[in-house]
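Beneath this line is the structure, given in C-alpha cells, with notes to follow.
Values below: every heavy atom of this structure, side chains too, minus hydrogens, waters and symmetry copies. Letters A, B, ... mirror the listed sequences (proteins, then strands); counts begin at 1. None of the values given here were measured: they were computed from a predicted structure.
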There are 2 protein chains.
Amino acid sequence: MEDVSNQDQAIELLQQLGLKEYEAKSFVALARRQRGTAKDISETSDVPRTRVYDAIRILESKGLVETQHSNPQIFRAVSIDEAVNTLQSEYVDRAESLRSALSGLDPTDEGDSTEATHEVWSISGDQGITSRTRQLIEGATEELILVVGHNSIFTDRLAEQLQSAQEHDVNVIIGTIDEDLQATIQDALPSVEVFVSGLDWLSRSPLPDDDTEISRLLLADREAILVSSFTETRADGREHEQGVFGRGFDNGLVAITRRLMATGLLSVNDPEAEEA
Amino acid sequence: MEDVSNQDQAIELLQQLGLKEYEAKSFVALARRQRGTAKDISETSDVPRTRVYDAIRILESKGLVETQHSNPQIFRAVSIDEAVNTLQSEYVDRAESLRSALSGLDPTDEGDSTEATHEVWSISGDQGITSRTRQLIEGATEELILVVGHNSIFTDRLAEQLQSAQEHDVNVIIGTIDEDLQATIQDALPSVEVFVSGLDWLSRSPLPDDDTEISRLLLADREAILVSSFTETRADGREHEQGVFGRGFDNGLVAITRRLMATGLLSVNDPEAEEA
DNA sequence: CAGCTATTCACTCACTTAATCACAATACTT
DNA sequence: AAGTATTGTGATTAAGTGAGTGAATAGCTG
C-alpha cells in the first residue's frame, strides 16, 4: 500500500523531469520488474499496450531503457542510479549552458538604473523568498533582526548563514513566536540572542477571517526589510508563501518595521517601555 | 548578431528547463534590461503585452523575478547566478526525490531473471550509449579494445575512464580510423597503445548509399561488445547515434566481433597475416 | 470628467498528447 | 499447412495545453 504512493510519486517526478505520462508509467513498470515485454509493461502500468512501444523508444533515446529486438521484444530498465544520474546530469548541463548564454546577453541600454532606495518589491514562492533572505543575510554588516514565524522556515542552511554572519561581527537577534521554537533555535545557535517576540499580532492576526500567518520577518542593518506570510489562497489547498521586500533607510515599509521591531525588542528587554 | 543567437539559445534552454515560451522570453528580456514594465518587456521580447503579466507571475513564483506593485508595475529579474542556481537546484532536488521513490518500489516477482548471456540489446542516443560504455570500461578486468570512429566521442571523461582502467591492470588498446585522431588520443593517453585500424570498412562503408558512420566499437574482456553508429535518419538533419550491446563469450555478436578485431589488430602488427 | 494607459479576463486556434482502432506481421497450435 | 493467438506499426479521434487576440475593467493624467 505504501508502495502505491511511492509509485505514483515516482511517476509524477519523472513527468516533472520532462517525461510524458506514458513514458513515466512505462519506466516505473519496467523498473519494478527489471525486464519485460510490451504486454507485461502494459499490464503493470495501464498504458495501452500499443503505445508502450513509442514510450519505450523515447526512453531508449534518453538512455533509460535498453531493448532486445527479439520477438516479442524485451525491454530492460537501466539501474536506478544510472537513470537518476542520467536525468540529473541532463539538467545540470542545461543549467550550465544557460548560465553562459545569459551571461553573454548584451544589455539593452535603457532601464539599467541602479537599485533605487524606497521601493517595495513583492516576491512569491518559497524559492525566491529563501533566496532573497540569504542575500540580505550575507549582505548585512551591522545587525540582523529575524523573526521566525513558523518552524518550517528555520532550516539548517539558514542556521549556517546566520552563524556565518555572526562570525563576521554582525549582531544577530532572533525572535520567535513561542517557547518551543525559541528553544530549538537557541539550541542550534547558542551564541545568538533568541527571544520570544512581544508582538502579539505576529502569531495571531487581530482580524477575524484572516487565515494568513506570518512566516518570516527580517530587518538587515535597519535599512532593508523582508516580510513574508503564508496564505491559503489556492484551490488545491496547498499553502503559498508571499512576501515583500524593501530597501532604504527612508523606505516607508522599512521605517515602520524598524519602529515595530524596536517596540517588540523593548517590550522584551524592558516590559515597562511597551507603550513607546 | 552573435547575441541574437545567444538570446535564442537562452530562451530555448529555459524552455527545456520547464518554462513556457512566454515565460522564457519575458525572463530573457528582463535579464537584459534589469528592470522594466510590461510594455518594455513586450517590446524587447515580442510577447504580447497582455500576456506578460501571466508569464511574470509564474516567474515570480519560481523565484526568478520580483515585482514592484506600482502603476505601471515594474519587474526585475534576479541575478543570473541566482536564477540558474534556483532552476538547477529545483531539478537536483527532484532527482533526489526520484531516487528514493524508485528505490522504494516493490519489485514484482516475475521477470526478475538474472542477466542472461547471449543476448543483444539495442540502445539509442548519445546519453545511453556513453553510459553503457562507461559501465563496460569500469567492469573490465583484463582487456579493453576500443575503436574510436569519430573524434566527437573521445571526451575527456572517456580518457579518464580509460586511464583509470589501465591503472587497474587492464590492457587498453585503442584503434582509430585516421592518423589525426590517433595523434590526439595518443597525446591524451601516452601509456596506451593507439593504432590506426587496419579495417577499411570501419571508415568507409563498402556499400553505396550507406550514410552511416561507425561511432564506437568496444570489446571488453573479449566477452562483451558495444557497437554504435551515427545515422542521419532524422528529418531535422540532426544525426542520431544508435548502438547494440551484447554480452557472453559465446554470444554471436561478440564472437564475430572478436574475430574481426583480431584481424584488425593482426593486420596492423603483422601486415602479412591480413588474410587470416 | 474625458481620454489615455495599464491590467485582467475570456475566448479562439493550433498543436501536442492521450486513447482507441484497424491491420499487418510473426509466432504458436493442432 | 491452416488457423488462431499474439505482437508490432500506423492511422484516427478525442482531450488537453499553450499561443495568440480582443474585449472589458481599473487606474491614472490632465
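When the P atom of D/dT7 is taken as reference, atom CD1 of A/Ile56 falls 15 Å away, rounded to whole Å. Rounded to an integer number of Å, the gap from B/Ile74 CD1 to C/dA6 P is 11 Å. When the P atom of D/dG18 is taken as reference, atom OH of B/Tyr53 falls 21 Å away, rounded to whole Å. B/Arg57 has its CZ atom 8 Å from the C1' atom of C/dT8, to the nearest Å. Note: NE2 (A/His69) to C1' (C/dA25) measures 16 Å, nearest angstrom. Here the P atom of nucleotide D/dT7 and the CG atom of A/Asp54 are 17 Å apart, to the nearest Å. Between the P atom of C/dA24 and the CG atom of A/Asn71 lies a distance of 18 Å, rounded to the nearest Å.
In this structure, A/Arg57 does not pair ionically with A/Asp54, as no charged nitrogen and carboxylate oxygen lie closer than 4.0 Å. The pair A/Arg216-A/Glu241 meets the salt-bridge criterion, since a charged nitrogen lies less than 4.0 angstrom from a carboxylate oxygen. We find that B/Glu43 and B/Arg49 are not joined by a salt bridge, their nearest charged nitrogen and carboxylate oxygen being 4.0 Å or further apart. Under 4.0 Å is where a charged nitrogen must lie from a carboxylate oxygen, and between B/Asp81 and A/Arg134 no such pair does. Using a cut-off of 4.0 Å between Lys/Arg side-chain N and Asp/Glu carboxylate O, B/Glu96 and B/Arg99 are scored as salt-bridged.
Taking the six-membered ring wherever Trp is involved, the centroid distance between the rings of B/Phe230 and B/His150 falls below 6.0 Å.
Judged purely by distance below 3.5 Å, without hydrogens or angles, the side chains of A/Gln242 and A/Ser124 never pair a donor atom with an acceptor atom. B/Asp93 and B/Ser89 share no donor-acceptor pair across their side chains, judged by distance under 3.5 Å alone.
The side chain of A/Pro72 has D/dG8 as its nearest neighbour among D/dG8, C/dA6, C/dT8.
A cation-pi arrangement is present between B/Arg132 and B/Phe245 under the rule of less than 6.0 angstrom and at most 45 degrees off the ring axis.
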Encode nucleotides 16-22 of chain C as B, S and - characters from 5' to 3', where the letter depends on protein heavy atoms closer than 4.0 Å: B to the base, S only to sugar-phosphate, - to neither. -SSBBB-
According to the Watson-Crick and G-U wobble definition with distances under 3.5 Å, which dot-bracket string, read 5' to 3', encodes DNA chain C, using [ ] for crossing pairs and | for pairs with another strand? ||||||||||||||||||||||||||||||
